[in-house]
Every structure is written in structure tokens, then in C-alpha cells.
2 protein chains.
Amino acid sequence: MSINLDRRKKYTRMVLKNSFIQLLNEKAFSSITVKEICVLADINRSTFYTHYTDQFDLLYQIEAEIIEEMNKYLNECNFVEEEESIEMTEKLLEYIKNRKEICQTLLHRNTGTSFEKRVMDIAREFLLNKAINMKTTEASYLSTFIISGALHVIKEWLANDTKESPRRIAEMISQFTNKGLLFMN
Amino acid sequence: MSINLDRRKKYTRMVLKNSFIQLLNEKAFSSITVKEICVLADINRSTFYTHYTDQFDLLYQIEAEIIEEMNKYLNECNFVEEEESIEMTEKLLEYIKNRKEICQTLLHRNTGTSFEKRVMDIAREFLLNKAINMKTTEASYLSTFIISGALHVIKEWLANDTKESPRRIAEMISQFTNKGLLFMN
DNA sequence: GACACCGTGTTGGATATTCAACAAACAGTT
DNA sequence: AACTGTTTGTTGAATATCCAACACGGTGTC
């Protein structure tokens, strides 16, 4: 998205995205029509097609934007040491909290969305990259185990309206990671 | 405002009006520039001039719309008897409550705004027309006394975020009108 | 199968808005 | 008075969006 985008285009995309997200909160993706997106957004349907191919395209672009933003946000940190893992987790959670509505919507969808996978990839890259040697099969499964667990913790956190602080959740995830059930003792 | 107004025009006018009202809440009318209205509204300045002549025109149109809506709202009631005064007052207060933000802004301005006078005219017409014989000088002063008092009650009510119900305020105004200080006994 | 309705993808012309630029007026500073 | 910065009112060309319409496909009803 160019920095010099005409403000009309910006507005149009914004309202189409927001309307689509609102509808996603109310009904299944497969039952959402281009027409109702445009009615809700108060945008002419032909204009929709100058920006997006269809609902899949719209969804994909929304997801891509969030992923790009997330990456950017996380790349703004210059962490150096291994104990930075908890800080990175916190940072990721801050981002998610800031965009909690769209993140909840996208992570909550009941299809095998690529968004969930993309978030897991980011988490894997930023949170575990320096903590686990990825060269063994076990390590690969372990990282999947950990990231999947973390993701579902995040989903629950979102469902609880991000009541706990990002730091608190980051600490919990870190301890679950390091101690597993030993954490309960 | 035609029923078939192009949606782009509708949007443009809406954001210009809302931005102007927001600025009115923050600073004096005389210090508000066309430029900052447009910046806040994210609308090109030349577009402002296709809709409005200047800030005065914008203000005037906003006021005219509110007055027209108010009249319409009040004309939807078919009251028949003299005791309907209290119902009309309530109705007017309902309208004001529904549009409390803009009403408070416009009534709160520290210039001799025509809006205040126009609201007083409406109040005079709907609330007192059947209750006071307007043919004497004293009656004219009396109605001015009553309407002015009522209007300042309304302003105070708005400043208290319309905490009391329109009915409660309507009853109070009615009793102040009918009994003056006897109400305190 | 015929019909009605709905959403879709597309088209062409009209319209509203954008943008950059200009000249002028205004206000503040030296 | 000269200079600087800001806002204003305006202009013309480009652009984005609007609107109505069309043909088509899909669905449901009789």
C-alpha cells in the first residue's frame, strides 16, 4: 500500500475492509456476498471490483496487511540475548492486543485459515528461533507443540477481552514452554 | 437535501459537518479555519468550496438542518388539548436528548447565535402557543421570560448529560411556568 | 420445465473529488 | 517597509467512484 495512495482509495478500502470484518463477526465467510459488503460499506459494487477480485481476495489482503504490520512491529525491536524471548512474546501480544478485534475475528474463523498458520510462522520465527535448535525432528514437533499451545492461549486471552496484560501472558507462555506441567507445582 | 443525493456528496457533507462540530467543541468559532476542517475531515479543500461558501455557511446549514428536523419531529405529534403542553415539551426534550452532542455544542457557543433564537421560536410556537394569549405586551414579556428560563434549564440539563428523563424536565418546566416560586412550597 | 428472484461480473458515461498550482490577503517579526 | 509563513478562493486536468444496465448462472417454487 503506497504512501501516496489517493485518499479516496484509502477511504474505500477502509470501509470495505471494516464492513467485511463486521460481517465476518456475524456470519460464516461462505455466506457473505459482495453485495452486502458494499451495502454495508455504502460503496458501489463496481467500485469493489476495482479494488478486489472477490471476497477471497479481500480476506487475503486483510490478512496480508496484518501480517506485514505484525512483522514490522516486531522488527522494530533490537533484541540481542536469548532471554529476549519473553520480551518478543510480550511485544507480539501487545500488537495483538492493539488489533484485538480483527485478530480475534481472523483467528476465530472456523476454517483452516491461512492467517492462523501465518501467525504461527511469525511466532515460531520470533519467539523460538533462538531458543530451540531446529535441526532435529523432535525439535520440529516440539516447536509445533509449543507454538500451537501458545496460539490457543492467545485465542483464549482474546476471548477474555485481553483482560490480563501482555506481560503476564508472555510470562505464562514462557513458563509453560520451559516447565510444562512442572509449572503447576 | 434531496432524497437522491449522490452518496459521495452525502459522505463529504457528513464528515465536514462532524469535523466542524468537533472543532467547535474544542475552540472558538472565529479561530476555526477552512483548512483545518478539511484536514480533520480528510477532504480536499476545494471540495469544501463546492459544498459551502465558508464556515458561516457551514454553520448556518447545520443549524438549519437541526431546526428542520426538530420541527418535523414535533409536527409528527397530533396533540389536541391545552394540557398537551407538557407532552410537547417532553417531545422537544426527547429530540434534544437524541441530538444532545450537536445541540449542546450549538447552544453552548458564546456568541449570540441565531440557533438559540430559533430554538426559542420553536419552543414558543409549540409549547406556549395555546397556553398564553399573545395579544398583550405583558404576555409577550411573559412568554419571553418563560422560554428563556426553559432554555437555560435545557442547557443545564445538557451539561448534566441529560441525566434526568425528558418527562421529568418537562414536568419541572411546566410547574415553573405555572407556579413560579410557589413551586418551592 | 417455466418462472421469479437474487447475486455476479462487466460496461460505458456521468459525476464528484483529488491534486497541484497560483495570486492575493493577512498576520507576525525584524 | 521588507520578509516570512499561513490561509484563502480559484482553476484545470486527472482520477476514482457513481449509476444504470446487461447477460449470465444459481436457487427455489409451482
Side-chain angles (χ1 to χ4, degrees), chain A residues 1-65 105 109-111 113, chain B residues 1-65 105 109-111 113:
Chain A
M1 186 174 293
S2 168
I3 205 170
N4 294 323
L5 193 64
D6 185 286
R7 61 178 56 162
R8 289 170 296 187
K9 284 192 168 182
K10 280 195 246 177
Y11 170 73
T12 299
R13 290 180 187 177
M14 179 201 69
V15 291
L16 285 174
K17 281 188 292 186
N18 288 343
S19 299
F20 180 61
I21 289 165
Q22 185 178 325
L23 289 168
L24 270 182
N25 279 331
E26 296 167 8
K27 54 199 303 195
F29 173 75
S30 58
S31 66
I32 297 174
T33 65
V34 169
K35 183 181 171 178
E36 63 184 328
I37 296 169
C38 296
V39 167
L40 187 57
D42 200 26
I43 294 290
N44 193 281
R45 192 165 55 76
S46 61
T47 306
F48 176 97
Y49 289 107
T50 68
H51 293 264
Y52 306 105
T53 306
D54 51 25
Q55 302 95 313
F56 292 97
D57 185 30
L58 175 54
L59 177 63
Y60 185 78
Q61 289 197 30
I62 291 172
E63 291 176 351
E65 272 178 39
T105 300
R109 289 182 57 243
N110 52 5
T111 63
T113 174
Chain B
M1 186 173 293
S2 167
I3 205 169
N4 294 324
L5 192 64
D6 186 283
R7 61 178 56 160
R8 288 170 295 187
K9 284 191 169 184
K10 280 195 243 173
Y11 170 74
T12 299
R13 290 178 187 178
M14 179 201 69
V15 291
L16 286 175
K17 281 187 292 189
N18 289 342
S19 300
F20 179 61
I21 290 165
Q22 185 177 324
L23 288 168
L24 269 182
N25 279 331
E26 296 167 10
K27 53 200 306 195
F29 173 76
S30 57
S31 66
I32 297 174
T33 64
V34 167
K35 183 182 173 182
E36 63 184 329
I37 296 169
C38 296
V39 167
L40 186 58
D42 200 24
I43 293 290
N44 193 280
R45 194 164 52 78
S46 62
T47 306
F48 176 95
Y49 288 108
T50 67
H51 292 266
Y52 305 106
T53 306
D54 50 25
Q55 300 94 314
F56 292 97
D57 185 29
L58 174 55
L59 177 63
Y60 185 79
Q61 288 197 28
I62 290 172
E63 291 176 352
E65 273 179 37
T105 300
R109 289 181 58 244
N110 51 5
T111 61
T113 174

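Lettering follows sequence order; numbering is per chain, from 1.
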Touch class at under 4.0 angstrom, heavy-atom based, for B:Gln55 against every strand present: sugar-phosphate

Side chain A:Gln61, main chain A:Tyr52, donor-acceptor under 3.5 Å: no

B:Lys9 and B:Thr50, any side-chain heavy atoms less than 4.5 Å apart: no

Any B:Tyr11 side-chain heavy atom under 4.5 Å of A:Asp42 side chain: no

Can a side chain N or O of [X] be found less than 4.0 Å away from OP1 or OP2 on [N]?
| X | N | answer |
| --- | --- | --- |
| A:His51 | D:dT17 | yes |
| B:Thr47 | C:dT18 | yes |
| A:Thr12 | D:dT17 | yes |

Spacing between [X] atom [atom1] and [N] atom [atom2], to the nearest angstrom:
| X | N | atom1 | atom2 | value |
| --- | --- | --- | --- | --- |
| B:Asn44 | D:dG9 | CG | P | 14 Å |
| B:Tyr11 | C:dT17 | OH | C1' | 12 Å |
| A:Ile32 | C:dT8 | CD1 | P | 11 Å |
| B:Asp54 | D:dT7 | CG | P | 17 Å |
| A:Tyr52 | C:dG9 | OH | C1' | 18 Å |
| B:Tyr49 | C:dA21 | OH | P | 19 Å |
| B:Met14 | C:dT17 | CE | P | 12 Å |
| A:Lys9 | C:dC19 | NZ | C1' | 14 Å |

Per [X] side chain, nearest of listed nucleotides [options]:
| X | options | result |
| --- | --- | --- |
| B:Asp6 | D:dC18, D:dT17, C:dT18 | D:dC18 |
| B:Arg8 | C:dT18, D:dA16, D:dT8 | D:dA16 |
| B:Val34 | D:dG9, D:dC18, C:dG9 | D:dG9 |
| A:Arg45 | D:dA21, D:dC18, D:dG9 | D:dA21 |
| B:Lys35 | C:dT8, D:dC19, D:dT7 | D:dT7 |

Pair of N/O donor and acceptor under 3.5 Å linking C:dT18 base with A:Arg7 side chain: no

Quiz item: A:Thr33 side-chain donor-acceptor pair to C:dC6 base, under 3.5 Å: no

Heavy-atom pair with the smallest gap, counting every atom of B:Arg45 and B:Val34: CG-CG1, 3.9 Å

Working for ring-ring contact (aromatic ring centres under 6.0 Å, His included), residues A:Tyr60 and A:Phe56: CA-CA 6 Å; A:Tyr60 185 78; A:Phe56 292 97; over 10 Å; no

A:Thr53 vs B:Ile43, nearer the 5' end of DNA chain C by closest nucleotide: A:Thr53

Earlier contact from the 5' end, DNA chain C, for B:Thr50 and A:Ser46: A:Ser46

A:Arg13 and A:Glu65 ion-paired at < 4.0 Å: no

